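Note that the structure is predicted; figures quoted are calculated from it, not measured. In each ligand, atom 1 is the first atom listed, and ligand 1 is the first ligand listed.
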Amino acid sequence: MSNTLTVPGTLGIDFGTSNSAAAFRRPGQQATLLPLEGAATGMPTALFFNTEERSTHFGRDAMQQYLAGEEGRLMRSLKSLLGSSLLLEKTAVHEQLMSYQDIIAIFLKRVADQSRAALDGRLPERVVLGRPVHFVDAHPERDRQAQEALAAAAKTAGLGEVSFQLEPIAAALDYEQRLSAEQVVLVVDIGGGTSDFTVVRLGPQQAQHADRTQDILATTGVHIGGTDFDHRLNVSQVMPLLGYKHIGPSGREVPSSVFFDLSTWHLIQWLYTAKSMVAARNLKSDYGDLQLHQRLMKVLEWREGHRLADAVEQAKIAASQGDQGAAIALDWLEAGLPAEVSPPILQEQLQALLQHVVECAQQCVQQAGVVAPDAIYLTGGSSALRTLRDALHMAFPDVPQVEGDLFGGVATGLAYA
Ligand SMILES: Nc1ncnc2c1ncn2[C@@H]1O[C@H](COP(=O)(O)OP(=O)(O)OP(=O)(O)O)[C@@H](O)[C@H]1O
Ligand SMILES: [Mg+2]
């Protein structure tokens, strides 16, 4: 129903694990991305609660506050909590107890407010949110809960009743705008949390159809993305410097769970609870080399887990396309610590994960019943990884790869959904 508080058209919101974006489309017109942070159309899915000033910060601003050492709490990778029991756990924010679902709502409200500001104070009549093919692998019940929780958070954020579209299908609808002839395309969306695929028939004729069900030949998805690559690289390249795999006086390895949690974007904040801090201090007796334990405690006591994860991520990005390795910036922890990410390290450490991702792409093509797609359309930040592109090339040798808008394509496509 249209009224003076809404504007005719569709708002597409891509709430991503790492980055979020929003796009608007008036009926019959082209979709455009909306500025969400200053002039920037995308923003990191990050919140920072500054405890001294009792202020809340979003996106790049949130990251800057945290990295500048402001007193407070950073939240990242919130989407990874959808479908897990941690979502409803309460945490103190500005002296108020809140669930992580409430925190997602605060983030979505920011997206809604920025979108409204870009649209002369009104929100579009229709709001479409993206969702991965699977929030949770092989668990339909938890997957359903994840979507319901996201819908509830959107409602709390003032977005009303939202509808959902699969992220890879949205990416396909965006790509379709560029096509002048019919193609069967394998859409590959490798993001921060998930890898999603669809094989879809696209083209100017197809775009006219109101119901696209017949054109979507298959969809598959797996819960592997850039944050898992960061995790792997963190465990292999940095955690040994903090005691992972270190043999203590008893002849046993230091218990490893703290290293796994510290390397997992969405679990970092749980390490700072009083109980976890005591457990980490008590690990001291498991170490022979106490310097390693001191490094671990420095990261935890200074709450630098996200800084560490960010340093690994930046090195991954720097090494992802060229031939050069990149140092992981750890000077804030200790000068001269040797840690890097290089193309051979990416190849070795990500091989097993990328194999799952490529298998999921192959399943999608098989399920679609096509011999080979006409093109592979790449989107999502992690699709920039050369090792991934090479692996896809091995799996589909003669299929051309087309690069899309890696960070805005899903939101744009949602506005066409
Ligand atoms: N050049 C690059 N090389 C490798 N990885 C990259 C590059 N640029 C960004 N990334 C990674 O891409 C991921 C973010 O991509 P994107 O913004 O598409 O994800 P998202 O939409 O937030 O996640 P999802 O769709 O899984 O919910 C991060 O893990 C980031 O480290
Ligand atoms: Mg995405």
### Query
Under a 4.0 Å heavy-atom limit, does Phe229 contact ligand 1 with its side chain, its backbone, both, or neither?
neither
### Query
So between Ser77, Gly381, Ala411, whose heavy atom ends up nearest atom 15 (O) of ligand 1?
Gly381
### Query
Contact between Thr45 and ligand 1, counting heavy atoms under 4.0 Å?
no
### Query
Which atoms from ligand 1 have a heavy atom of Thr194 less than 4.0 Å away?
26 (O)
### Message
Can you see whether Arg25 engages Thr10 through a side-chain donor-acceptor pair at a distance of less than 3.5 angstrom?
### Response
no
### Task
Would you mind running through ligand 1 and noting each atom that sits below 4.0 Å from a heavy atom of Gly16?
20 (P), 21 (O), 22 (O), 27 (O)
### Summary
Residues Tyr377 and Gly404: closest non-hydrogen pair is OH-CA, 3.3 Å
### Task
Taking the side chain as every heavy atom from C-beta outward, state whether Leu300 and Leu262 have any atom pair closer than 4.5 Å.
yes
### Task
Under the side chain to side chain contact (heavy atoms under 4.5 Å, CB included) rule, what do His223 and Thr194 come out as? Steps first, then yes or no, please.
CA-CA 4 Å; His223 209 121; Thr194 55; 4.2 Å; yes
### Per-atom contacts of ligand 1 with Lys316, taking only distances under 4.0 Å to non-hydrogen atoms
5 (N), 11 (C), 29 (O), 30 (C), 31 (O)
### Message
Measuring from atom 11 (C) of ligand 1, which candidate in Gly226, Ser382, Gly408 has the nearest non-hydrogen atom?
### Response
Ser382
#### Entry: Those atoms of ligand 1 less than 4.0 Å from some heavy atom in Glu167
25 (O)
